[in-house]
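Some notes on the structure that comes next.
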Number of protein chains: 2
Amino acid sequence: MSASTTPTLEQQWLDQLAQAGYRPTAARRVVIEIVLNTCRALEPLEIFTLARRQHPKLGLVTVYRTLETLEALGLVQRVHQPGGCNIYLRAFEGHQHLLICTACGRAVFFEGDDLSALMERAARQSGFVVHDHWLQLFGTCAECRAAQSAPLPA
Amino acid sequence: MSASTTPTLEQQWLDQLAQAGYRPTAARRVVIEIVLNTCRALEPLEIFTLARRQHPKLGLVTVYRTLETLEALGLVQRVHQPGGCNIYLRAFEGHQHLLICTACGRAVFFEGDDLSALMERAARQSGFVVHDHWLQLFGTCAECRAAQSAPLPA
DNA sequence: GATGATAATGAAAATCTTTTTCAATTATAG
DNA sequence: CTATAATTGAAAAAGATTTTCATTATCATC
């Protein structure tokens, strides 16, 4: 192993936890691994179920607690969807917006922060000072469109 | 009372309920009145508490059911905020976006649908077909800013 | 490596929110 | 008024999340 190997994302997250005074436990490793390897937002219970395959004595409470910690560190974010708002997705750097496939749940990020004109106009109209904004797009991803138009034969 | 009086909003909502086959009951009237007279999104339990002042034997279940019905008719909408996602606000016509005061909860609507360029770009980048979008702004309203800068004397 | 201090865990219980069930009540059409 | 069907409210059930607490795992120090 060369000394200059780039650490994996999982290791980077564990390092961030360590810097913040949290210990790198087996439970946290498993939750982190699942969040990093899934391209859609997951419910705590889903994470728990997946995680138990690798770490059978994991408790659901620990999943809740780990997600809370990761969210506080800005590593995961809570996603809001019509079907529920307690699902978690890894967070990305900078201000990015989400595009979610309503068929499979896949979430992709995109940049596009030319909302300033819109926000200024809203502020002027309303008398508010605008601090923050949420933008989310919903659609169908290429894979799901393909699956719809070419269903598997009986 | 002249025959050409514009019906109140409450009456318009009750008419819409009637057209959809729902009966104008006391419970529904009270819930509607509260939603129409509040400028911020309310939780079911808040509506229940307020409504019981006028209609003491109202049940919380009925509040849930009434909100569900009003949402199905497009008269109220569920609002998503960092502090919770089960709060309801009257819906407005057309596609409008919300601006919410993070201090007092006041919600105002604004139009501003020049997001098409942004959505097209996101679609191109991602390969998604975009169906829908959510945009919400968060800020501080004029009243809350005034209250912050001029606190009441001891 | 041992060891003591402290963080973290998991099971159970407690809390809260929302939904379901069902008998009693209320509104409506006739 | 009366029959019919929708609506209601109370209680119970179901789910999701949080709290409690004894046990276990990690870390810094020896």
Side-chain angles (χ1 to χ4, degrees), chain A residues 10-11 13-34 41-73 75-76 78-88, chain B residues 10-11 13-34 41-73 75-76 78-88:
Chain A
E10 181 174 339
Q11 192 53 55
W13 283 27
L14 289 168
D15 289 348
Q16 274 200 252
L17 279 173
Q19 277 171 31
Y22 296 102
R23 294 176 177 173
T25 63
R28 286 174 178 154
R29 276 173 215 278
V30 178
V31 171
I32 288 173
E33 189 187 328
I34 286 168
L42 296 168
E43 302 182 354
L45 190 59
E46 286 182 291
I47 295 173
F48 173 68
T49 306
L50 292 169
R52 280 207 121 169
R53 294 185 194 160
Q54 295 171 58
H55 186 40
K57 61 177 189 168
L58 177 70
L60 178 56
V61 196
T62 300
V63 175
Y64 275 96
R65 286 190 282 226
T66 301
L67 289 171
E68 188 181 4
T69 303
L70 293 176
E71 188 180 26
L73 292 178
L75 297 171
V76 305
R78 189 180 287 229
V79 173
H80 297 259
Q81 283 187 263
C85 303
N86 294 335
I87 55 180
Y88 292 84
Chain B
E10 181 175 339
Q11 192 53 55
W13 283 28
L14 290 168
D15 290 348
Q16 273 200 253
L17 280 173
Q19 277 171 31
Y22 296 102
R23 295 176 177 173
T25 64
R28 285 173 179 155
R29 277 174 214 276
V30 177
V31 171
I32 288 174
E33 189 186 328
I34 286 168
L42 296 167
E43 303 181 354
L45 190 59
E46 286 181 292
I47 295 174
F48 172 69
T49 305
L50 292 168
R52 280 207 121 168
R53 293 186 194 160
Q54 296 170 57
H55 186 40
K57 60 177 191 173
L58 178 71
L60 178 56
V61 197
T62 300
V63 175
Y64 275 95
R65 286 189 283 226
T66 301
L67 288 171
E68 188 181 4
T69 303
L70 293 175
E71 189 179 26
L73 292 177
L75 296 172
V76 305
R78 189 181 287 230
V79 172
H80 297 260
Q81 283 187 263
C85 302
N86 293 335
I87 55 179
Y88 291 85

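Worth saying up front: this structure is predicted, and the values here are computed from it rather than measured. Reminder, nothing fancy here: chain letters follow the sequence lines and each chain counts from 1.
B/Leu70 places its CG atom 12 Å from the P atom of D/dT7, with the value rounded to the nearest Å. One interatomic measurement links the two molecules: NZ of B/Lys57 to C1' of D/dT8, which rounds to 8 Å at whole-angstrom precision. The interatomic distance linking A/Leu45 (CG) with D/dA16 (P) rounds to 7 Å, in whole Å. The separation between A/Tyr22 atom OH and D/dC27 atom C1' is 17 Å, rounded to whole Å. Atoms CD (A/Glu71) and P (D/dT17) sit 12 Å apart, rounded to a whole Å. D/dG15 atom C1' lies 15 Å from atom CZ of A/Phe48, rounded to whole Å. Rounded to a whole Å, the OH atom of B/Tyr64 is 16 Å from the P atom of D/dG15. Taking atom CZ of residue A/Arg29 and atom C1' of nucleotide D/dT26, one finds them 11 Å apart after rounding to whole Å.
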Next item on the list: Assess whether side chain to side chain contact (heavy atoms under 4.5 Å, CB included) is satisfied between A/Ile47 and A/Thr66, documenting all intermediate values.
Entry: CA-CA 11 Å; A/Ile47 295 173; A/Thr66 301; over 6 Å; no
Item checked: Residues B/His55, B/Lys57; criterion side chain to side chain contact (heavy atoms under 4.5 Å, CB included); working and verdict -> CA-CA 6 Å; B/His55 186 40; B/Lys57 60 177 191 173; 4.2 Å; yes
Next item on the list: Might you work through the side chain to side chain contact (heavy atoms under 4.5 Å, CB included) test for B/Trp13 and B/Leu70, ending with a clear yes or no?
Entry: CA-CA 9 Å; B/Trp13 283 28; B/Leu70 293 175; 4.3 Å; yes
Checklist line | Stepwise side chain to side chain contact (heavy atoms under 4.5 Å, CB included) check, B/Arg65 with B/Thr62 | finding: CA-CA 5 Å; B/Arg65 286 189 283 226; B/Thr62 300; 4.0 Å; yes
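When all heavy atoms are compared, the tightest approach of A/Glu46 to A/Ala41 is OE1-O, 4.2 Å.
Taking the side chain to side chain donor-acceptor pair (under 3.5 Å) definition, one finds that A/Glu43 meets it with nothing, sequence neighbours left out.
For B/His55 and D/dG9, the shortest distance from a side-chain N or O to OP1 or OP2 is below 4.0 Å. At D/dT8, one or more side-chain N or O atoms of B/Thr25 fall inside 4.0 Å of OP1 or OP2 (strictly under the cut-off). A/Asn86 has no side-chain polar atom (N or O) that falls below the 4.0 Å cut-off from OP1 or OP2 of D/dA16.
Comparing atom distances between the A/Arg65 side chain and each of D/dT8, D/dT20, D/dT17 picks out D/dT20 as nearest.
At a threshold of 4.0 angstrom between heavy atoms, the contacts of B/Arg28 are confined to the sugar-phosphate backbone, with no base atom among them.
In terms of position along DNA chain C, the nucleotide closest to B/Glu68 lies nearer the 5' end than the nucleotide closest to the other residue of the pair B/Ala26 and B/Glu68.
For DNA chain C, the outermost nucleotides in 5' to 3' order that have an atom under 4.0 Å from a heavy atom of chain A are C/dT6 to C/dA12.
A side-chain donor from one of B/Gln11 and B/Asp15 sits under 3.5 Å from a side-chain acceptor of the other.
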